[in-house]
Amino acid sequence: MTGPPFYEYRHVVGFEETNLVGNVYYVNYLRWQGRCRELFLRDEVPELIADIRAGLRLLTVRCECDYLAETTAFDEISVRMRLDDLTQTRIGFAFDYVKGCGELVARGYQRVACLRGPDDDIRPCRVPEPLRAALSRYAVPPNRSNPNSILPLG
């Protein structure tokens with residue numbers, strides 16, 4: 001049996017993530033993207049952590065989010081990450097933010113470059129094979145014909 005076609009990070013919104021009006025401040029969606037990606041590495045590619053400590057860098061070069069509906073304190077948000085594209089040295093992640101029982105509240109994207117080297121001579125490098133293998137399990141293209149569709153819960 002296979003799991004869902006996305007990696008999922010579940011988050012409960014706290015008051016500190018809201019603005020004066022009471023809805024989630026936009027920058028938190030970007031923070032949740034990063035957290036989702038980090039937990040993916042921990043859960044799906046733990047051997048990569050030693051490589052990161054040895055000098056591999058996963059540098060975010062582009063990050064965006066489209067907000068479709070408001071979220072507030074105590075909302076339960078599922079951040080669903082999937083592989084959008086993969087080149088020799090870069091990874092594109094797509095994110096769906098789903099509230100409660102399925103309401104799509106935001107969509108995000110992140111492009112990451114793989115780099116190595118000392119601080120004064122950082123160069124692009126190939127995406128490590130263990131990371132490629134882990135990402136391949138989540139390489140499901142979104143339904144581009146319906147921009148409001150979300151991936152079902154497996």
If you group Ile, Leu, Val, Met, Phe, Trp and Tyr by side-chain heavy-atom gaps below 4.5 Å, do V127 and L59 land in one group? no
When rounded to the nearest 0.5 angstrom, what distance separates SG in C36 from CZ in R31? 14.0 Å
Carefully, step by step, assess Y138 and F6 under the rule ring-ring contact (aromatic ring centres under 6.0 Å, His included). CA-CA 5 Å; Y138 302 102; F6 50 81; 8.1 Å; no
I need the single residue from D119, D120, D121 that forms a salt bridge (Lys or Arg N to Asp or Glu O under 4.0 Å) with R123. Which is it? D121
Evaluate the side-chain proximity of I77 to Y29: yes if any heavy-atom separation is below 4.5 Å, no if none is. no
Are more than 12 heavy atoms, taken from residues, nucleotides or ligands other than E47, located less than 6.0 Å from that residue's CD atom? yes
Do the side chains of C114 and P124 get nearer than 4.5 Å, heavy atoms only? no
With heavy-atom distances below 4.5 Å as the criterion, would you say the side chains of Y97 and T71 are in contact? no
How close do E70 and K99 get, heavy atom to heavy atom, and via which atoms? O-NZ, 3.3 Å
Would you mind reporting whether R111 and R90 have side-chain heavy atoms less than 4.5 Å apart? yes
Does atom CD (E64) have a neighbourhood of more than 12 heavy atoms from anything else shown, all under 6.0 Å? yes
Heavy-atom closest contact (T89 atom, R126 atom, distance): CG2-N, 4.3 Å
For the backbone of Y26 and the side chain of Y67, can you confirm whether one donor and one acceptor N or O come within less than 3.5 Å of each other? yes
Scanning both residues in full, the closest heavy-atom pair of G117 with I122 reads O-CG1, 4.0 Å
Answer yes or no: is there an ion pair linking D51 with R53, defined by an N-O contact shorter than 4.0 Å? no
Donor-acceptor pair, E44 side chain versus L41 backbone, under 3.5 Å? no
Linking I/L/V/M/F/W/Y whenever their side-chain heavy atoms sit closer than 4.5 Å, directly or via other members, would V79 and L58 fall into one cluster? yes
Check: G22 main-chain N/O paired with N19 side-chain donor or acceptor under 3.5 Å: yes
Check: A106 main-chain N/O paired with D66 side-chain donor or acceptor under 3.5 Å: no
Can I91 be reached from L48 by stepping across I, L, V, M, F, W or Y side chains whose heavy atoms are under 4.5 Å apart? yes
Scanning both residues in full, the closest heavy-atom pair of F40 with A134 reads CZ-CB, 3.9 Å
Can you hop from F15 to Y25 via hydrophobic side chains spaced under 4.5 Å? no
Could you tell me if the side chain of C125 sits less than 4.5 Å from the side chain of L56, heavy atoms only? yes
Is it the case that the side chain of D75 and the backbone of T72 share a donor-acceptor pair, with hydrogens and angles ignored and the cut-off at 3.5 Å? yes
Assess whether ring-ring contact (aromatic ring centres under 6.0 Å, His included) is satisfied between F93 and Y109, documenting all intermediate values. CA-CA 6 Å; F93 296 99; Y109 180 81; 8.6 Å; no
Can you check side-chain contact (heavy atoms from CB on, under 4.5 Å) on V112 and T60, steps first, answer last? CA-CA 4 Å; V112 173; T60 301; 4.2 Å; yes
Please report the interatomic distance CD(E8) to CG(D96), rounded to the nearest 0.5 Å. 10.5 Å
Can you label the angle between the H11 ring and the W32 ring as parallel, tilted or perpendicular, going by 30° and 60°? tilted
Under a 4.5 Å side-chain heavy-atom rule over Ile, Leu, Val, Met, Phe, Trp and Tyr, are V13 and V27 clustered together? yes
Here the pair of heavy atoms bringing N28 nearest to E17 is ND2-O, 3.0 Å
G108 and Q33: which non-hydrogen atoms are nearest, and at how many Å? CA-NE2, 3.4 Å
Give, for atom CZ of R35 and atom OH of Y9, the distance between the pair rounded to the nearest 0.5 Å. 5.5 Å
Could you check whether R62 and Q110, counting side-chain N and O atoms only, form a donor-acceptor pair closer than 3.5 Å? no
